[in-house]
J.: 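Have a look at the structure that comes next, please.
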Amino acid sequence: MKPFAALVLLLPLLAACENSATAYMIEGSQHALILVREKPYFWQSTVNQAVIASRLPHCQNRVAIHPDGTEMTPMEVFGAGDHLWALHQGSRWYLASTEKCQVQDWDNAAGGAPGTALGTFRFRDGVATFVPAGK
């Protein structure tokens, strides 16, 4: 088999990988929460995820969160205070602060939304995107 033909046969396998990032812009491009999804190998059944809390030039921090399935579980974003956001994906909650650029697991004992719904990270037309609330 010629090398080019072998490469063409591998293309569908490579297409099963994912490397995406999408942002909730808070105050222009310098202040944002960014969801990063990475699936480096087609045989993985999960996708590695991270949230980047960014408020430039003061801080920027990438924090790994729990993996997700290959079909993206929507992640809701709620305003939870001054420079504080609550993120809800499946049964998991996270708190993200752009004051000190931290992201952490959160045991939301109340279970409800901690503030105003701002939007959702989700797949739209096969692409990870942030969809503002009400759209």
Side-chain angles (χ1 to χ4, degrees):
M1 182 180 292
K2 298 195 184 253
F4 180 74
L7 183 60
V8 169
L9 291 175
L10 289 176
L11 285 177
L13 298 177
L14 295 175
C17 298
E18 180 182 345
N19 189 0
S20 65
T22 185
Y24 162 56
M25 303 301 228
I26 299 163
E27 294 170 354
S29 64
Q30 303 297 304
H31 192 185
L33 295 177
I34 303 161
L35 176 62
V36 178
R37 292 175 47 88
E38 299 169 323
K39 180 182 168 192
Y41 307 108
F42 69 89
W43 58 81
Q44 285 182 294
S45 61
T46 59
V47 176
N48 300 325
Q49 297 187 118
V51 172
I52 299 172
S54 179
R55 188 171 56 89
L56 298 175
H58 305 290
C59 65
Q60 182 169 333
N61 190 21
R62 177 185 171 130
V63 178
I65 61 171
H66 297 275
D68 190 25
T70 54
E71 288 295 320
M72 182 179 179
T73 304
M75 178 183 283
E76 301 169 291
V77 178
F78 299 92
D82 190 32
H83 291 112
L84 185 65
W85 290 266
L87 310 174
H88 180 226
Q89 185 178 46
S91 63
R92 299 194 185 277
W93 284 89
Y94 306 95
L95 285 179
S97 165
T98 58
E99 179 64 33
K100 295 186 179 177
C101 290
Q102 298 174 332
V103 178
Q104 66 184 42
D105 286 334
W106 178 42
D107 179 18
N108 181 3
T116 304
L118 302 172
T120 305
F121 291 107
R122 67 175 58 247
F123 271 144
R124 181 178 268 179
D125 299 324
V127 176
T129 189
F130 180 80
V131 179
K135 292 194 177 188

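Heavy atoms only: backbone and side chains are in, while hydrogens, waters and symmetry mates are out.
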J.: Distance check, rounded to the nearest 0.5 Å: L35 atom CG versus S20 atom OG?
T.: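 One gets 7.0 Å once the value is rounded to the nearest 0.5 Å.
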J.: What pairs with D68 under side-chain contact (heavy atoms from CB on, under 4.5 Å), at least two apart in sequence or on another chain?
T.: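 D68 satisfies side-chain contact (heavy atoms from CB on, under 4.5 Å) with R37, Q49, M72, T73, Q89 once adjacent residues are dropped.
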J.: Can you tell me which residue pairs pass the ring pair (Phe, Tyr, Trp, His ring centres under 6.0 Å) test with a partner in residues 115-135, sequence neighbours excluded?
T.: Y24-F130, F121-F130
J.: Please find the pair of heavy atoms, one from C101 and one from Q60, that lie closest to each other, and give the distance.
T.: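 For C101 versus Q60, the nearest heavy atoms are SG-N, 3.7 Å.
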J.: Decide yes or no for P74 and V131: does some side-chain heavy atom of the first lie under 4.5 Å from some side-chain heavy atom of the second?
T.: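 A side-chain contact is absent here, since even the closest heavy-atom pair is not under 4.5 Å.
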J.: Might you point out which heavy atoms bring L118 and G79 nearest each other, and give the distance in Å?
T.: CD1-N, 3.4 Å
J.: Please find the pair of heavy atoms, one from K39 and one from T46, that lie closest to each other, and give the distance.
T.: CG-O, 3.8 Å
J.: For a quick test of reading the model, state the closest non-hydrogen atom pair linking T98 to A32 and the distance between them.
T.: CG2-O, 4.3 Å
J.: Indicate, with yes or no, if I34 and V103 share a hydrophobic cluster defined by side-chain heavy-atom contacts under 4.5 Å among Ile, Leu, Val, Met, Phe, Trp and Tyr.
T.: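 Unlinked, V103 and I34 end up in two clusters.
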J.: Quick check for you: to the nearest 0.5 Å, what is the distance between K100 atom NZ and L84 atom CG?
T.: 12.5 Å
J.: Check for a donor-acceptor pair, side chain of R55 on one end and backbone N or O of E99 on the other, with a separation under 3.5 Å.
T.: yes
J.: Could you please spell out the steps behind the side chain to side chain contact (heavy atoms under 4.5 Å, CB included) verdict for V47 and T70?
T.: CA-CA 6 Å; V47 176; T70 54; 4.2 Å; yes
J.: Can you name the nearest heavy-atom pair linking Q44 to P40, along with the distance?
T.: OE1-CD, 3.0 Å
J.: Do I65 and Y94 touch side chain to side chain, with heavy atoms closer than 4.5 Å?
T.: yes
J.: So, taking the atom named CE in M75 and the one named NE2 in H88, what distance separates them when rounded to the nearest 0.5 Å?
T.: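 Spacing of CE (M75) from NE2 (H88) equals 10.0 Å.
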J.: May I have the step-by-step check of side chain to side chain contact (heavy atoms under 4.5 Å, CB included) for W85 and L33, ending in yes or no?
T.: CA-CA 9 Å; W85 290 266; L33 295 177; 3.7 Å; yes
J.: Minimum heavy-atom separation for W106 to P114, with atom names?
T.: CH2-CB, 3.9 Å
